[in-house]
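Every number for a ligand or one of its atoms is a count from 1 in the order of the listing.
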Amino acid sequence: MEFTAIILAGGQGTRMKSPLPKVLHPVAGQPMISRVVQTCREAGITEIRVVVGHQSNLVNTVLEPMGVKACLQEKQLGTANAVQSVDLSTLNSDVIIMNGDHPLITSSDIKNFISDFKEQKLDLAVVSVELPDAGSFGRIVRKNDRLQSIVEAKDASADTLKIKEVNTGIYVVKAEVLKKYIPQIKNNNANQEFYLTDLIDLAIQNNLKVNALLSKNTDVAHGVNSQIELADATKKVFLRKAQQLMQAGVIFIDPHTAYVEETVIVGPGSVVYPNVFLRGHTALGAFVVVESNCFISDCIVGDSTHIKAGSYLEQTIVKNKSSVGPYARLRPGTVIEEEAHVGNFVEMKKVVFGKRSKAGHLTYLGDAEIGEDVNIGCGTITCNYAADKKKYKTVIGDRVFVGSDSQLIAPVTVESDAIIASGTTVTKNVPAGALTLARSPQVNKEGYAQKFKKKTE
Ligand code: UD1
Ligand code: CA
C-alpha cells in the first residue's frame with residue numbers, strides 16, 4: 001500500500017513500574033511493538049518507521065530482526081516532537097500515525113481508517129471512539145457536529161471533560177500536511193509538550209479538510225499504560241483467538257482460561273481444556289484432546305492424539321493416534337510416531353520413538369532412536385551424557401523388550417527382537433533376538449532375617 005506508518009514508541013511508560021521498556025511487554029506472547037508492526041504489514045503497509053527513545057537499545061533488539069526502521073527521538077518532548085523525529089523531509093507517501101502501546105488494533109481497522117480517509121478526500125483524519133469513562137484521553141470537541149479541536153484531559157474544563165468521544169491517538173494524514181504543519185506546533189500547554197493534537201487546530205485554521213472518524217471498535221483505543229491494562233489486553237487477544245477457533249469447530253471447555261497464541265493452528269473437533277497454553281508455531285490436527293495444565297510450544301500434533309494433563313512439550317512432533325502423559329515432558333527434537341504411548345513421568349529429548357511403541361512410566365530417553373512395537377519398561381534410563389561431557393546415542397531396534405529398571409550406557413545398540421532383562425545395565429551392543437541379563441545373582445539366606453533383627457534390637 002502506498003502509505004507510511006509512523007508508530008510512536010518513545011515514551012517511558014513509567015506506570016508500568018517495570019525495568020522492561022513498555023512496548024516490549026508481551027501481549028499473548030508477542031511484544032506490543034512487534035504486534036503493531038506486524039498488523040501494519042498485514043494491512044499491506046511496507047514503509048514503517050518507529051519512533052524510539054526511552055531504552056531505545058532494547059527496543060531496537062526487537063525492531064532490527066523485523067527489518068524496521070527505528071528513528072531516535074533524543075528527548076521525549078511530546079507526540080508532535082516524536083513525529084518530527086522520523087525525518088519528515090524523506091516522506092514520499094501519505095501517513096497513518098499509531099501508538100506502539102495500542103496492541104489490539106487489527107489490520108482491518110487500519111484498512112478501514114485509510115479507506116474512509118480516501119473516500120472523504122480528507123487532508124487529515126483523527127480516529128475517535130466513544131467511551132463511557134473517557135479518563136485521561138484527549139476529548140474530541142465538535143461544533144455543529146464538525147470537529148473543532150482535541151483538548152487534552154489535563155487542559156480541559158469541567159464541561160469538556162464530560163465529552164465521551166475521545167482521541168484514539170491514530171491519525172491518517174497527507175504527507176505534505178505533516179511536513180508543513182508539524183514544525184509549527186508549539187508547547188504552550190499544561191505539560192509544556194509538543195502535542196500532535198494541535199495539528200488538528202492548525203489544519204482547521206488553514207481551511208484543510210479535517211474530520212474525526214468515529215470507530216465502533218473501542219479496542220483500537222485500548223492503550224497499555226499499566227500492568228492491569230496489559231493483562232486486560234492479553235485476555236482480550238486470547239479470548240478473540242479462542243472465539244475464532246470455536247467458529248472453526250474447536251471445543252473449549254472454558255475459553256476464558258485457554259491461552260492459545262494467534263500463531264497456533266487447531267483442527268476441528270479438537271478439545272482444549274482449561275489452563276492450557278498453546279504457543280508459537282504449534283499446529284494441532286483434528287480430534288486432538290489437550291487436557292488441563294499442558295504447555296505446548298512449537299509442536300506439531302497429529303489427528304486423534306490425546307495429550308493428558310500436566311504435560312510439557314517443546315519442539316516435538318507427535319503423530320496421529322498417540323497418547324502422551326499425564327505429566328510427560330517432551331523436549332526439543334523428539335518425534336513420537338503413530339499410535340505410540342508415552343505415559344506418566346516420562347522425559348524424552350531428541351528421540352525418535354517408533355510406531356506403537358510404549359514407554360508407560362518413569363523413564364528418561366535422550367538421544368535415542370527407538371523402533372516400532374518396542375516396550376520400554378518402567379524406570380529405564382538411556383545414559384547419554386558421559387564423563388567426557390559429550391552426548392552419545394542409543395539405538396533400539398523393532399520389537400525390543402526393555403525390562404524395568406534398565407540402564408543403557410550410550411553409545412550402544414540393541415538390535416531387533418532382543419529382550420533386556422529387568423535391572424540390566426547394558427554396556428555392550430546386543431545382537432538381534434538375544435536375551436541380555438546383567439545383574440548379580442540373587443542369594444537367599446534362610447532364616448537370616450530374624451537373626452538380623454535380634455542382633456540389632
Ligand atoms: C495521547 C493524545 C491523546 C489521546 C491519547 C490516546 C497527545 C497530546 N495526546 O495522549 O489525545 O487521547 O494519546 O492514547 O498526543 N510518545 C513518544 N514521544 C513522546 C511522547 C510520546 O514517542 O515524546 C509516544 C508514547 O510512547 C506513546 C504515544 O506516543 O506510544 C502516546 O504518548 P502518551 O504520552 O501515552 O500520550 P497520551 O498522554 O496518552
Ligand atoms: Ca498513552
Exercise. Considering only heavy atoms, does Q73 approach ligand 1 within less than 4.0 Å through its side chain, its backbone, both, or neither?
Worked result: side chain

Exercise. For ligand 1, is there an N or O atom under 3.5 Å from any N or O atom of N225?
Worked result: no

Exercise. Do any nitrogen or oxygen atoms of I150 come within less than 3.5 Å of a nitrogen or oxygen of ligand 1?
Worked result: no

For this session: Ignoring angles and geometry beyond distance, decide whether V51 reaches within less than 3.5 Å of ligand 1 through its nitrogen or oxygen atoms.
Result: no

Exercise. Purely on distance, is any nitrogen or oxygen of F137 under 3.5 Å from one on ligand 1?
Worked result: no

Exercise. Can you tell if the side chain of Q227 reaches within under 4.5 Å of the side chain of S18, non-hydrogen atoms only?
Worked result: yes

Problem set entry | Proximity of A9 to ligand 1 by residue part, where a heavy atom lies under 4.0 Å | backbone

For this session: Check whether any N or O atom of K22, backbone or side chain, sits under 3.5 Å from an N or O atom of ligand 1, and answer yes or no.
Result: no

For this session: Return a yes/no value for G169: is any of its N or O atoms, backbone included, closer than 3.5 angstrom to an N or O of ligand 1?
Result: no

Problem set entry | N or O pair under 3.5 Å between L8 and ligand 1 | yes

Problem set entry | Option set I185, T79, V23, criterion heavy-atom distance to atom 21 (C) of ligand 1, minimum | T79

Problem set entry | Part of V166 with heavy atoms under 4.0 Å of ligand 1, whether side chain, backbone, both or neither | neither

For this session: Heavy-atom distances under 4.0 Å are what count here, so tell me which part of T168 touches ligand 1: side chain, backbone, both or neither.
Result: backbone

Give every donor-acceptor pair under 3.5 Å between a side-chain atom in residues 121-134 and any protein atom, sequence neighbours left out.
| residue | atom | partner | partner atom | Å |
| --- | --- | --- | --- | --- |
| D123 | OD1 | K174 | NZ | 3.3 |
| D123 | OD2 | K209 | N | 2.7 |
| S128 | OG | E165 | OE2 | 2.6 |
| D133 | OD1 | G135 | N | 3.4 |

Exercise. Could an N or O of ligand 1 be found under 3.5 Å from any N or O of N167, whether backbone or side chain?
Worked result: yes

Problem set entry | ligand 1 contact by T197, heavy-atom criterion under 4.0 angstrom | yes

